[in-house]
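All figures in this text were calculated on a predicted structure; none of them were measured in a lab. Convention: sequence-line order gives letters A, B, ...; per-chain numbering from 1.
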Amino acid sequence: MDRLTALEQESIFILRESFKKIDDLAMLWSIGKDSTVLLWLARKAFLGHVPFPLLHIDTSFKIPAMIAYRDQLVEDWNLKLIVGQNKKALAEGMNHEKGRLTCCTALKSEGLKQTVEEHGFGGLILGIRGDEEGSRGKERVFSPRNQAAEWNVKDQPPEFWDTYKTDFEPGDHIRVHPLLHWSEIDIWRYIHRENIPVIDLYFSDKNGMRYRSLGCAPCTLPIRSRARSVPDIIAELETTREGERAGRAQDQEDSHAMEKLRAKGYM
Amino acid sequence: MASSIQKTQDITPALTVHSTPADNKAEPLKLVIVGHVDHGKSTLIGRILYDTESVEPGRVEKARRICEEQHKPFELAFLLDALEEEQLQGITIDTTQIRFSTEKQDFVIIDAPGHKEFLKNMISGAANASAAVLMIDAHEGVQEQSRRHGYLLSLLGIKNIIVVINKLDLVNYDEQVFNTVRAEFLEFLGGLGVEPLEVIPVSARQGDNVVHRSEQTPWYTGPTFLEALERLEHARRDENLPLRLTVQDVYKFDERRIVAGRIDSGRLKIGDTIQVLPSGHKAKVTGIETWPENGKKAGEAEAGYNVGITLDYQLFVDRGHVITHIDNGPQPSRYLSANVFWMSKNPLVPGRRYKLKIGPQEVYAYVHRINRVLNASTLELDASATGVPQNDVGEIVFRTEQPVVADAYGDFIHTARLVIIDRYDVAGGGIILETGQEGVSTNGQPVGRRDRELANGHSAAIVRVKSGNDKLLPQLERQLFDAGIRTYLLRDEPADEVMRLLPRLVELGLVILLPESGPEADTDIPVIPVDLDETGLDETLTRLRQTLLYDAGRVLPEYQI
């Protein structure tokens with residue numbers, strides 16, 4: 001079995017486990033390449049269906065093209081989408097100028113928490129990958145959160161083979177990471193193999209710039225690139241030494257920024 | 001900027017036919033490197049990364065700088081430290097996996113850090129490894145942890161083991177020293193039934209026999225370490241074994257009723273007649289469903305693939321049932337023995353109800369017998385142990401409440417490993433040695449009291465309690481209940497009500513507590529008199545557990561195996 005098929009089959013197994021074992025499940029969809037691959041895998045796992053709602057946390061600062069693309073795909077693929085937003089923080093004028101980590105925590109972590117509480121979700125499927133940054137590398141496939149959505153990185157449940165932790169105390173919240181073992185280049189090779197549609201922000205524009213990782217407009221910078229197609233991107237990734245999230249300003253706020261954000265419920 | 005969606009063509013990789021583009025090698029081989037502290041694990045990893053040019057020159061320079069700053073000679077082990085520093089900054093590599101490649105194969109080294117946390121980390125990392133490298137210092141010889149790690153690898157069922165005898169430079173590349181250490185360790189591993197693929201003399205520091213063949217060891221004709229790695233085979237997903245498909249779920253999203261699960265071994269074709277265990281009901285496979293549909297459906301699928309199948313007959317199928325071909329499925333049973341490693345603070349003990357997970361199959365079980373317990377630190381065997389403490393391993397016979405469908409570990413892997421859940425927590429895991437044919441066959445018989453007693457894990461009884469202190473009775477009830485005994489205190493009900501209830505409650509296999517003043521019972525159940533004033537609560541509890549729980553000493557003759 002080749003690498004991509006092995007990853008695909010592992011993810012399908014995980015998706016089916018989570019759907020069976022977790023009540024009130026939702027899948028986080030950020031419109032980016034990873035969670036779009038995840039959405040594709042869900043349709044494979046459930047034979048054309050997506051049997052849970054998709055959740056998008058809209059900070060209101062997303063690159064506008066992402067929202068247009070999102071709404072288009074929801075229509076084309078007949079998806080059930082829930083858009084969550086921390087309206088209170090936005091009304092009080094929250095933005096990245098108040099501090100990037102403060103803003104991320106309010107609009108993303110807190111926005112997610114509010115939406116999860118409002119809809120009573122018991123578990124979330126997320127498209128994070130272990131190679132994105134250090135703290136995600138420490139994650140489990142089935143990762144419990146306490147009632148305050150906090151992550152206890154120091155005391156995580158053991159994962160034996162592919163038998164994940166699926167027994168929880170009432171009130172616990174669980175995050176499922178089917179893409180944990182994929183790398184960035186695996187994602188692009190799979191997009192190529194399966195011909196999965198992706199937003200064109202990932203491709204080099206007329207100014208020779210493209211986004212490698214998508215987020216909020218004020219905190220996400222494009223990179224200089226000639227990659228105009230998926231094979232171009234794969235070729236670029238095969239040689240680059242640049243980190244995937246180098247264009248994500250919040251990561252650079254503090255050398256342990258992501259671990260701190262994620263311990264408090266960030267994706 | 002306006003957004004447009006790239007329209008997709010309908011490309012469908014069929015389940016059994018998949019292209020392998022040049023840039024999509026076989027999945028990486030996962031390795032775990034273990035051994036006694038300071039026997040050279042980091043240096044070996046550093047040496048491989050360096051000699052296979054898997055690290056950029058900048059990192060080597062950084063490692064040199066770190067060494068200079070600390071006034072130490074340059075050591076390859078510092079390459080890892082330089083990587084770790086990068087990891088802390090969250091740039092490239094995740095903290096638990098180190099990747100390197102040769103032309104033939106990609107590898108992932110799963111870091112199994114600090115020996116104190118070894119067991120737990122080994123579970124989450126090494127349990128998934130296809131191969132293990134056990135390192136021994138030629139100079140120091142076989143040490144306690146060399147043995148312990150060898151034992152744990154054998155318990156995890158990792159069969160591909162390469163032994164590396166390191167630091168040959170410190171013993172002047174003496175063949176005699178190598179042979180002595182080799183013989184000693186092979187004897188130990190042989191006792192565990194483990195036969196390593198290779199025993200390789202290396203000096204990781206000098207680079208002998210790691211990537212490049214050494215001129216210092218002309219007496220050694222076997223493969224270099226890297227050659228040995230390239231010869232490793234992936235953990236088998238053997239499509240030539242008999243079929244095992246554990247049902248994960250049944251989907252009714254539309255008009256189809258789809259049985260979903262992964263093929264753990266063997267292969268499945270449309271038209272095959274299958275049986276669903278433990279019931280043994282049979283049906284024919286009418287479809288193997290795929291998405292996206294590519295005009296035609298897959299006709300067969302093999303081990304490693306998650307499938308959704310349809311059957312010609314709407315028989316009862318549920319999560320945890322095991323689909324096999326006729327006549328080559330395992331016999332469902334109620335007993336299984338396993339090598340278990342235990343990680344919970346609370347020991348694994350008889351009398352407590354655990355959940356066993358064998359893939360998606362879940363059954364409740366009690367410890368039926370503890371054959372032996374191995375102290376993982378001293379490697380001493382204890383044949384009279386009454387439980388398995390944290391971080392130790394034991395050979396355990398479980399008795400399950402529901403029939404269990406499992407294989408002995410060997411050819412079969414997925415249906416031969418179990419995980420033990422204590423309340424909500426993953427508390428232990430192990431590999432299955434055998435399943436008992438003594439299983440109680442239900443064969444459609446009506447459910448009797450003994451079935452219920454067996455399911456409860458203890459015999460039914462009436463306990464007549466003498467106590468000067470009324471408050472002790474609910475306390476006794478609580479403690480019996482917590483000890484895994486299904487109990488009920490009948491105290492406030494009128495005498496005729498008690499007389500009416502007792503036979504029913506006893507028929508449920510319960511242990512009924514009656515105050516001494518309560519009415520005489522008219523059943524065939526043993527009445528156990530206890531005197532709390534004389535024996536006290538703790539002693540009474542101990543005695544009742546001894547008497548009632550099957551696993552605490554007393555087994556009903558009919559159910560002995």
Partner set under ring-ring contact (aromatic ring centres under 6.0 Å, His included) for His321(B), not counting sequence neighbours: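 Counting only residues at least two positions away or on another chain, His321(B) forms a ring-ring contact (aromatic ring centres under 6.0 Å, His included) with Phe316(B).
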Residues which pass ring-ring contact (aromatic ring centres under 6.0 Å, His included) with Phe46(A), listed by chain and number, not counting sequence neighbours: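 In terms of ring-ring contact (aromatic ring centres under 6.0 Å, His included), with neighbours along the sequence ignored, Phe46(A) is linked to Phe19(A), Phe52(A), Tyr251(B).
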Contacting region of Leu418(B) [heavy-atom separation from chain A under 4.5 Å]: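 For Leu418(B), the contact with chain A is made by the backbone alone.
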Heavy-atom proximity to chain B below 4.5 Å, by part of Glu184(A):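 The answer is neither part of Glu184(A).
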Interchain contact, Phe168(A) with chain B, by part (heavy-atom threshold 4.5 Å): backbone
State whether [Y] and [X] meet the cation-pi test: NZ (Lys) or CZ (Arg) under 6.0 Å from the six-membered ring centroid, and within 45° of the perpendicular axis.
X         : Y         : value
Arg262(B) : Phe13(A)  : yes
Arg244(B) : Phe412(B) : yes
Arg262(A) : Trp151(A) : yes

What residue, out of [options], has the most heavy-atom pairs lying under 4.5 Å from chain B?
options                                 : result
Glu10(A), Lys21(A), Arg43(A), Lys165(A) : Arg43(A)
Ile12(A), Leu47(A), Asp172(A)           : Leu47(A)
Asp167(A), Asp186(A), Ile185(A)         : Asp167(A)
Leu7(A), Ile67(A), Thr166(A), Ile63(A)  : Thr166(A)

Modelled atom types, side-chain donor and acceptor of Glu194(A) and Trp40(A), under 3.5 Å: yes
